[in-house]
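A quick note: this is a predicted structure, and the numbers were derived from the prediction, not measured.
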Amino acid sequence: MSKIIASAAISGAYKIVERAEKKWQEAMDKWGANEPVGFPNTAYYLPVIYGILGIKVEKLGDMEPVLKRCRFLLPPPVREEHPLPYLAPALDAGMATLFAEELIEAIRYLETPDFYTKQEDPADSNIWLGAADDVILRKRGVEFVDGTAPGFAAVVGAAPTKEIAASIAQELQQKNLYVFMASDYNGQRFSEQLVEAGVQIGWPTRLVSFGPDVSAAVFAMGFATRAAMSFGGIEPGDYRKILIYNKDRIFAFVLPMGYVTDEWYANAAGAVNWGFPTIADTPIPEILPTGICTYEHVVSNVPHDRIVAKAIEVRGLKVAVAEVPVPVAYGPAFEGERVRGEDIYLECGGGKTPMVEWVTTKRMEEVEDGKVEVIGPEITDIQAGTRLPMAIAVEVAGREMQEDYEPILERQIHHLINYAQGSMHIGQRDIAWIRVAKQAVEKGFRLHHIGDILHAKLHQDFGRIFDKIQVKVYTEEDKVKEIVEQARATYAVRDARIEGMTDETIETYYSCTLCQSFAPNHVCVITPEKTGLCGSYNWMDCKASYEINPTGPNQPVPKGETLDAKLGQWKGVNDFIYKASRGNLDHYNMYSIVYDPWTTCGCCECIAAVLPLCNGVMTVNREYAGETPCGMKFTTLAGTIGGGLSTPGFVGHGKYNICQRKFILADGGIKRLVWMPKMLKEEIADRLKARAEEMGIPNLLDMIADETVGVTEEEILPFLQEKGHPALTMDPILG
């Protein structure tokens with residue numbers, strides 16, 4: 001090992017440990033030994049210390065033995081003459097560095113509680129995110145386990161220019177890696193360069209700015225350590241297993257950008273303990289022999305246009321990225337990106353214009369594989385800020401293709417479009433919503449690229465069930481409306497297939513977790529009598545999806561022991577919910593809006609809410625833009641409960657679900673429905689009449705108020721009383 005690196009790392013460790021000792025003593029003098037400390041909203045205390053030493057640091061006084069351990073680990077400075085071997089002492093110095101930095105950062109939380117933002121929203125003005133809380137760990141950490149995100153790059157310092165920073169970040173994103181950022185070089189920081197370059201940073205885009213100082217680099221090591229304990233099942237204090245787990249499972253590396261200080265060397269030495277090598281852009285000494293890391297420990301002087309490829313090579317990471325023929329970056333890292341306000345070049349759907357997505361099966365001779373048509377205005381034909389109607393018609397053909405597979409392919413449109421940098425997609429079927437950013441248009445993104453994406457990715461992921469695919473993107477309003485009518489007829493046929501089946505006669509339900517990119521804790525469990533809240537998937541669709549892709553988002557869920565038949569709760573379902581929500585939820589009730597209802601995401605077709613004064617329930621569909629009797633428009637409701645929350649009194653659901661027998665059955669079913677928009681009443685009128693007749697209330701539809709009656713509880717109550725609505729004589733809904 002290099003004498004220069006060892007000497008610098010040990011020197012840096014001394015500086016950081018001394019800083020921690022000083023900060024601790026100042027904090028002790030101010031608050032005393034019993035003052036609580038820690039990282040917010042985590043059960044892992046200070047995770048590097050907890051994982052490696054098994055020590056729970058809960059109060060200032062708990063830091064003293066850790067500081068003593070830091071002093072014990074610090075080796076003597078490297079001697080000029082007759083030096084000792086360097087590797088082991090340098091690794092000890094690196095470990096002491098990380099312990100000390102966790103103490104420094106914990107005291108920072110005590111001194112300045114608002115220094116780090118508490119939000120995951122990339123639009124938050126404070127870019128310093130600090131330690132990831134347990135919700136983020138569960139959502140993001142599992143990606144390191146299932147290979148969705150094979151590892152991370154810990155970037156320290158700053159690139160020579162913001163353009164180089166943006167290029168490196170984008171290349172890392174395209175490799176599905178997270179980018180964890182800390183520290184500065186010459187007063188500049190990598191994360192700030194990205195913001196200046198117009199790059200959206202935050203957890204949703206995998207560009208995570210932990211903090212402005214080098215000590216914030218410890219948050220990356222803490223994340224890796226928590227992943228080993230949380231997903232590897234390793235006990236705190238079993239340091240050897242934690243380090244081996246990270247070497248074998250978390251493909252991370254350090255990218256110092258700029259002059260490497262002693263403190264940076266110390267952090268790099270700490271990272272080597274976890275098997276994470278350092279790849280630098282400056283000509284520092286190298287450590288080329290293998291040993292702790294898979295290959296080299298330190299590689300230097302790598303050009304910026306080769307540094308990502310070199311880092312992946314040195315770490316031993318195998319990256320599989322399918323080439324998609326679009327002029328923008330493409331990959332899962334861009335799925336959480338948002339396109340807002342002045343950034344919008346084109347907007348379609350979202351209740352502002354008609355939009356529909358439809359997959360339909362054709363005869364082999366009717367489909368020309370790879371053909372993409374834009375029928376109507378292209379992006380080159382419109383001005384920035386334009387709204388257009390849109391219909392995406394995907395026509396497939398193949399010997400193995402079945403109509404049952406159409407909704408599975410259709411639902412893929414959501415995330416496949418989202419993977420393109422500069423595009424945002426929400427919803428499905430005839431309530432889809434897409435925005436295209438100005439930056440994407442500047443790079444050459446056009447509507448025909450939507451077809452190119454769907455052709456490439458659907459072939460890649462589902463090619464075994466079809467042979468040919470062509471895509472038509474309509475932006476002429478008359479043609480869009482024509483496709484909407486054809487698609488709705490198809491949706492009705494699909495939905496009708498499930499009629500006659502009951503939840504009681506089926507022992508296996510199915511999950512859907514497609515929307516977790518927007519609502520990390522949201523889990524749909526779909527039964528014969530409860531379709532997915534997006535309206536796209538029913539039980540048979542999920543069954544077909546599982547047959548196509550056994551490892552996909554639709555998994556069988558054995559319902560197991562019935563815990564509450566009225567509310568709709570089963571032990572097997574609860575077990576699945578707990579696992580799929582990363583421990584955030586341990587149950588919900590399928591048939592209730594009042595008692596722990598199922599979770600809601602932003603893709604729901606409708607949202608129902610309790611109206612206490614009317615002793616009933618209203619529901620509102622996404623297309624309705626007006627006020628509602630609960631005091632909130634659909635957009636406000638979706639923003640309030642749509643993040644994967646179980647919110648008593650509110651629940652997201654599909655339109656078709658309203659007339660299914662189990663719709664809020666525990667609370668009285670559709671007899672509780674007292675208000676809905678006129679357009680929704682008209683859309684589901686035939687099915688609602690049939691369901692009402694089945695329940696012995698043939699004129700229920702006429703008893704339900706809409707916006708023509710009123711948009712407050714006080715306005716609609718006299719109407720309900722005049723009509724003799726059954727909800728008014730039922731037991732109190734909020735009993």
Is there side-chain contact between M676 and V620, with heavy atoms separated by less than 4.5 Å? no
>> For L645, is there any backbone N or O sitting under 3.5 Å from a side-chain donor or acceptor partner on T599?
In response: no
| message | I'd like to know if the side chain of Q200 reaches the main chain of R338, judged simply by a donor and an acceptor atom lying under 3.5 Å from each other, with no hydrogens or angles considered. | response | yes
Closest non-hydrogen atoms of N554 and C542, given as atom of the first, atom of the second and distance, are ND2-SG, 3.7 Å
Q.
I'd like to know if the side chain of R446 reaches the main chain of V441, judged simply by a donor and an acceptor atom lying under 3.5 Å from each other, with no hydrogens or angles considered.
A. yes
Smallest heavy-atom separation, V651 atom then P597 atom, equals CG2-CB, 4.0 Å
T619 and I607, any side-chain heavy atoms less than 4.5 Å apart: no
Practice item. Please indicate whether K579 has more than 12 foreign heavy atoms, meaning atoms of other residues, nucleotides or ligands, lying under 6.0 Å from its NZ. Key: no
| Between N574 and Q569, is any side-chain donor less than 3.5 angstrom from a side-chain acceptor? | yes
Output for pair (M618 CE, F650 CZ), nearest 0.5 Å, gives 8.5 Å
Evaluation steps, side chain to side chain contact (heavy atoms under 4.5 Å, CB included), between E373 and Y474
CA-CA 8 Å; E373 297 178 85; Y474 297 90; over 6 Å; no
One should read off an interatomic distance between C512 SG and L533 CG, to the nearest 0.5 angstrom, of 8.5 Å
Give the intermediate values and the outcome of side chain to side chain contact (heavy atoms under 4.5 Å, CB included) for residues I664 and V617. CA-CA 10 Å; I664 62 169; V617 168; 4.0 Å; yes
Exercise. Does some side-chain heavy atom of H415 sit less than 4.5 Å from a side-chain heavy atom of P332?
Worked result: no
Closest non-hydrogen atoms of C534 and Q428, given as atom of the first, atom of the second and distance, are O-NE2, 2.6 Å
So with a 6.0 Å cut-off around CG of D381, is the heavy-atom count from everything else above 12?
yes
**Item:** Test of ring centre spacing under 6.0 Å for Y419 and Y330
**Value:** yes
| Between V523 and F576, is any pair of side-chain heavy atoms under 4.5 Å apart? | yes
Any sub-3.5 Å donor-acceptor pair from T205's side-chain atoms to G202's backbone N or O? yes
In short, S423 meets E337 closest at the heavy-atom pair N-OE1, 4.2 Å
- Message: Can you confirm whether more than 12 heavy atoms, excluding those of E365, are under 6.0 Å from its CD atom?
- Response: yes
Give a yes or no on whether the backbone of I641 and the side-chain of T647 come within a donor-acceptor separation of less than 3.5 Å. no
When you check the gap from the basic side-chain N to the acidic O, do K472 and E395 get nearer than 4.0 Å?
yes
Exercise. Please assess E605 against R622 for the test side chain to side chain contact (heavy atoms under 4.5 Å, CB included), listing each intermediate value before the final yes or no.
Key: CA-CA 6 Å; E605 285 189 304; R622 182 182 294 273; over 6 Å; no
Kindly determine whether E357 and R429 satisfy salt bridge (Lys or Arg N to Asp or Glu O under 4.0 Å), including the steps that lead there.
CA-CA 5 Å; E357 297 165 348; R429 283 192 171 185; over 6 Å; no
| message | What I'd like to find out is whether the side chain of L172 reaches to under 4.5 Å of the side chain of Y178, using heavy atoms alone. | response | no
Close side-chain approach of M679 and E623, heavy atoms under 4.5 Å | yes
**Asked** Looking at side-chain heavy atoms only, is the closest gap between T628 and K633 below 4.5 Å?
**Response** no
Those residues at least two apart in sequence (or on a different chain) that pass ring pair (Phe, Tyr, Trp, His ring centres under 6.0 Å) with Y656 are none
For the aromatic rings, using the six-membered ring if either is Trp, is the centroid distance between Y510 and W539 under 6.0 Å? yes
- Message: Please check: side-chain N/O of T386 versus main-chain N/O of I382, any donor-acceptor pairing under 3.5 Å?
- Response: no
Donor-acceptor pairs under 3.5 angstrom involving side-chain atoms of residues 477-490: please list them, not counting sequence neighbours.
from: E477; atom 1: OE2; to: K481; atom 2: NZ; distance (Å): 3.4
from: R488; atom 1: NE; to: D430; atom 2: OD2; distance (Å): 2.7
from: R488; atom 1: NH2; to: D430; atom 2: OD2; distance (Å): 3.2
from: T490; atom 1: OG1; to: W358; atom 2: NE1; distance (Å): 3.4
from: T490; atom 1: OG1; to: Q486; atom 2: O; distance (Å): 3.2

Apply side chain to side chain contact (heavy atoms under 4.5 Å, CB included) to residues V471 and I392 and explain how you reach the verdict. CA-CA 7 Å; V471 181; I392 301 174; 4.2 Å; yes
Between D404 and D541, the two heavy atoms sitting closest are O-OD1, 4.5 Å
Say whether, by atom type as modelled, one donor and one acceptor occur between the side chain of R140 and the main chain of W203 under 3.5 angstrom.
yes
Acceptor/donor pairs from residues 406-413 side chains to any protein atom, 3.5 angstrom cut, sequence neighbours excluded:
from: E406; atom 1: OE2; to: T361; atom 2: N; distance (Å): 3.0
from: E406; atom 1: OE2; to: T361; atom 2: OG1; distance (Å): 2.6
from: E410; atom 1: OE1; to: V359; atom 2: N; distance (Å): 2.8
from: E410; atom 1: OE1; to: R494; atom 2: NH1; distance (Å): 3.4
from: E410; atom 1: OE1; to: R494; atom 2: NH2; distance (Å): 3.2
from: E410; atom 1: OE2; to: R494; atom 2: NH1; distance (Å): 2.9
from: Q412; atom 1: NE2; to: I408; atom 2: O; distance (Å): 2.8

Test side chain to side chain contact (heavy atoms under 4.5 Å, CB included), reference H425, set V339, L416, I417, output is I417
Look at K655 together with E683 and state whether they make a salt bridge at an N to O cut-off of under 4.0 Å. yes
I'd like to know if D575 and K571 make a salt bridge, using a cut-off of under 4.0 Å between side-chain N and carboxylate O. yes
Taken in chain and number order and not counting sequence neighbours, the residues that satisfy ring pair (Phe, Tyr, Trp, His ring centres under 6.0 Å) with Y537 are none
Counting only heavy atoms not in R661, do more than 12 fall under 6.0 Å of its CZ?
no
>> Could you check whether any side-chain N or O of Q660 sits under 3.5 Å from a backbone N or O of T531, counting only pairs where one atom can act as donor and the other as acceptor?
In response: yes
Scanning both residues in full, the closest heavy-atom pair of V372 with G451 reads CG2-C, 3.7 Å
Practice item. Using a cut-off of 6.0 Å, state whether more than 12 heavy atoms not belonging to E403 lie near its atom CD. Key: no
message: Between S592 (side chain only) and N589 (backbone N and O only), is there a donor and an acceptor less than 3.5 Å apart?
response: no
With a 4.5 Å limit on heavy-atom distance, are the side chains of Y509 and V573 in contact? yes
For the backbone of I344 and the side chain of E347, can you confirm whether one donor and one acceptor N or O come within less than 3.5 Å of each other?
no
- Message: Counting neighbours of NZ on K438 that are heavy atoms of other residues, nucleotides or ligands and sit closer than 6.0 Å, is the number greater than 12?
- Response: yes
- Task: For side chain to side chain donor-acceptor pair (under 3.5 Å), just list the numbers for D369 and Q470, CA-CA rounded to whole Å, side-chain angles, deciding distance to a tenth of an Å, and then say yes or no.
- Result: CA-CA 5 Å; D369 189 48; Q470 64 187 19; over 6 Å; no
By side-chain hydrogen bond (donor to acceptor under 3.5 Å, both in side chains), E529 pairs with (sequence neighbours left out) K662
Across all chains, not counting sequence neighbours, the ring pair (Phe, Tyr, Trp, His ring centres under 6.0 Å) partners of F466 are H459
- State whether the number of non-hydrogen atoms from other residues, nucleotides or ligands found under 6.0 Å of K681 atom NZ is greater than 12. yes
